[in-house]
Amino acid sequence: MTNPHIPSVSVSYARNGSSSKVNALGMRPMQERAYGHRGEQYLLIKSPPASGKSRALMFIALDKLHNQKLKQAIIVVPEKTIGASFHDEPLTQSGFFADWRVEPKWNLCDAPGSENGGKVKSLGAFLQSEDRILICTHATFRFAVDQFGVEAFDDRLIAVDEFHHVSANPDNKLGMHLGQFINRDRTHIVAMTGSYFRGDAEAVLAPQDEAKFDTVTYTYYEQLNGYEHLKQLDIGYFFYSGSYTDSILRALDPGEKTIIHIPNVNSRESTQDKLKEVEHIIEELGKWQGIDAATGFQLARTSDGRILRIADLVDDDPSKRERVAAALLNRQLRFDFSRHAPYGPKWQI
């Protein structure tokens, strides 16, 4: 196996700061590029994480509502935590013609209730209201389309974040619904993704549907080269046999802040028991010490006595996951960890 301290690929960047510069309307380069295509009925935005896709959508959606005569905008995200990316933004302070404002009752990612119960009823009430913007999860949207039909969404914008969750496979409900919307041709669709491919090799869209989309691409190189402080990016590739959980510490350095994305439960590498996989990784990292009362983080003591704080976002229990997610967003807690932890904060996800 390759020494994990020797990167397989190393890339240096110009650090020209271009990706964070804004124009007279408060738009960064990617957002300005996407906004230039705001008149398209079907728009696909391919852009890296942290490049500003959520803000780009705000600009585009507001133009469609104010200048293109669409009734409403429905923003569809894969999970509730991502709904926070679409909270209110005072865009006029930076030169845009309108602010992004979502009535609290229409951000269903912040609301209690089940995805296929009260939230679907709320979405139905929104469709009958005079309000303009709603945020919900993919699941809520799928159930709502099943209940109300595609025609209930006529003359509205449907914006789908993390678009690679869609599949042309008939078993993918969100993909099936989007195909129906495109066939009816009465909605505008904005699709956003950082990776326009799926690990299962399924096509995201059927070829005839994909051909209708105007595509805006902002590359990883443009984004990374435009940062001001990023000097170098190292990427390592490591090979294993057997279960990935038995080999992960051969590549993982527990002394570094780390994010671990475990395989999707439908993938070949998954054991189909994601909770046991997380438990095994924690056991490999150190001896379990309980749960931090302030954050819900798992605590593990390494063989050299360090305490790792592990933010587990794999567990679907809402009471656990929402508590951990809130701690990750809490700036004061992050500051306290950096100041008080004897070896600095250790964030393993």
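Throughout, numbering of the chain's residues begins at 1 and tracks the sequence.
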When you compare the side chain of [Y] with that of [X], does any pair of heavy atoms fall below 4.5 Å?
{"X": "R15", "Y": "E228", "result": "no"}
{"X": "R38", "Y": "N67", "result": "no"}
{"X": "F97", "Y": "L25", "result": "no"}
{"X": "S10", "Y": "Q232", "result": "yes"}
{"X": "D316", "Y": "R321", "result": "yes"}
{"X": "F297", "Y": "L328", "result": "yes"}
{"X": "H37", "Y": "I60", "result": "no"}
{"X": "F126", "Y": "E103", "result": "no"}

Do [X] and [Y] sit in the same hydrophobic cluster, where Ile, Leu, Val, Met, Phe, Trp and Tyr count as joined when their side-chain heavy atoms come under 4.5 Å apart?
{"X": "Y42", "Y": "M176", "result": "no"}
{"X": "V216", "Y": "Y220", "result": "no"}
{"X": "V265", "Y": "L174", "result": "no"}
{"X": "Y218", "Y": "V22", "result": "no"}
{"X": "W288", "Y": "I281", "result": "yes"}

Will you find, in the side chains of [X] and [Y], an N or O donor that is under 3.5 Å from an N or O acceptor?
{"X": "D146", "Y": "H177", "answer": "yes"}
{"X": "Q298", "Y": "D312", "answer": "no"}
{"X": "Q41", "Y": "D185", "answer": "yes"}
{"X": "E256", "Y": "T258", "answer": "no"}
{"X": "T271", "Y": "D273", "answer": "no"}

With no hydrogens and no angle check, is any side-chain donor or acceptor of [X] less than 3.5 Å from a backbone partner on [Y]?
{"X": "H188", "Y": "G39", "result": "no"}
{"X": "R156", "Y": "D154", "result": "yes"}
{"X": "D99", "Y": "T92", "result": "yes"}
{"X": "R55", "Y": "G26", "result": "no"}
{"X": "N183", "Y": "G179", "result": "yes"}
{"X": "Q72", "Y": "D131", "result": "yes"}
{"X": "R186", "Y": "E151", "result": "no"}
{"X": "W100", "Y": "L91", "result": "no"}

Nearest heavy atoms of [X] and [Y], plus distance in Å:
{"X": "F59", "Y": "M27", "value": "CE1-CG, 3.5 Å"}
{"X": "S122", "Y": "L108", "value": "CB-CD2, 3.8 Å"}
{"X": "P48", "Y": "Q223", "value": "CG-CB, 3.9 Å"}
{"X": "S51", "Y": "M30", "value": "O-CE, 3.4 Å"}
{"X": "V150", "Y": "F181", "value": "O-CE2, 3.5 Å"}
{"X": "A34", "Y": "L43", "value": "O-CD2, 4.3 Å"}

Can Q180 and F153 be said to form a side chain to side chain contact (heavy atoms under 4.5 Å, CB included), step by step?
-> CA-CA 11 Å; Q180 293 170 340; F153 298 84; over 6 Å; no
Working to the nearest 0.5 angstrom, can you tell me the gap between [X] [atom1] and [Y] [atom2]?
{"X": "N107", "Y": "C109", "atom1": "CG", "atom2": "SG", "value": "5.5 Å"}
{"X": "T245", "Y": "I260", "atom1": "OG1", "atom2": "CD1", "value": "11.0 Å"}
{"X": "Q289", "Y": "T302", "atom1": "CD", "atom2": "OG1", "value": "10.0 Å"}
{"X": "I75", "Y": "I133", "atom1": "CD1", "atom2": "CD1", "value": "7.0 Å"}
{"X": "K71", "Y": "S129", "atom1": "NZ", "atom2": "OG", "value": "11.5 Å"}
{"X": "T193", "Y": "K53", "atom1": "OG1", "atom2": "NZ", "value": "7.0 Å"}

Parallel, tilted or perpendicular, as decided by the 30° and 60° cut-offs, for the rings of F213 and F163 =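 Ring orientation of F163 relative to F213: tilted.
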Counting only heavy atoms not in K276, do more than 12 fall under 6.0 Å of its NZ?
->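 Not buried by this count: 12 neighbours or fewer within 6.0 Å.
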Evaluate whether atom CD of Q208 has more than 12 neighbouring non-hydrogen atoms of other residues, nucleotides or ligands under 6.0 angstrom away.
->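 Yes - once you tally the heavy atoms of other residues, nucleotides and ligands closer than 6.0 Å, there are more than 12.
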Sole residue of L44, I182, L205 in side chain to side chain contact (heavy atoms under 4.5 Å, CB included) with K212 |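 Output: one option passes, namely I182.
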Just do the side chain to side chain contact (heavy atoms under 4.5 Å, CB included) check on D161 and F86 with the steps written out, would you?
-> CA-CA 11 Å; D161 196 15; F86 296 98; 4.2 Å; yes
Please step through side chain to side chain contact (heavy atoms under 4.5 Å, CB included) for the pair V77 and S85, ending with a clear verdict.
-> CA-CA 10 Å; V77 300; S85 299; over 6 Å; no
Just do the side chain to side chain contact (heavy atoms under 4.5 Å, CB included) check on Y227 and L224 with the steps written out, would you?
-> CA-CA 5 Å; Y227 284 146; L224 295 172; 3.6 Å; yes
Do NZ/NE/NH1/NH2 and the carboxylate oxygens of D88 and R101 come within less than 4.0 Å?
->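 Yes, this pair counts.
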With D315, the salt bridge (Lys or Arg N to Asp or Glu O under 4.0 Å) member among K274, K320, R323 =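 That would be K320; it is the only one of K274, K320, R323 passing the salt bridge (Lys or Arg N to Asp or Glu O under 4.0 Å) with D315.
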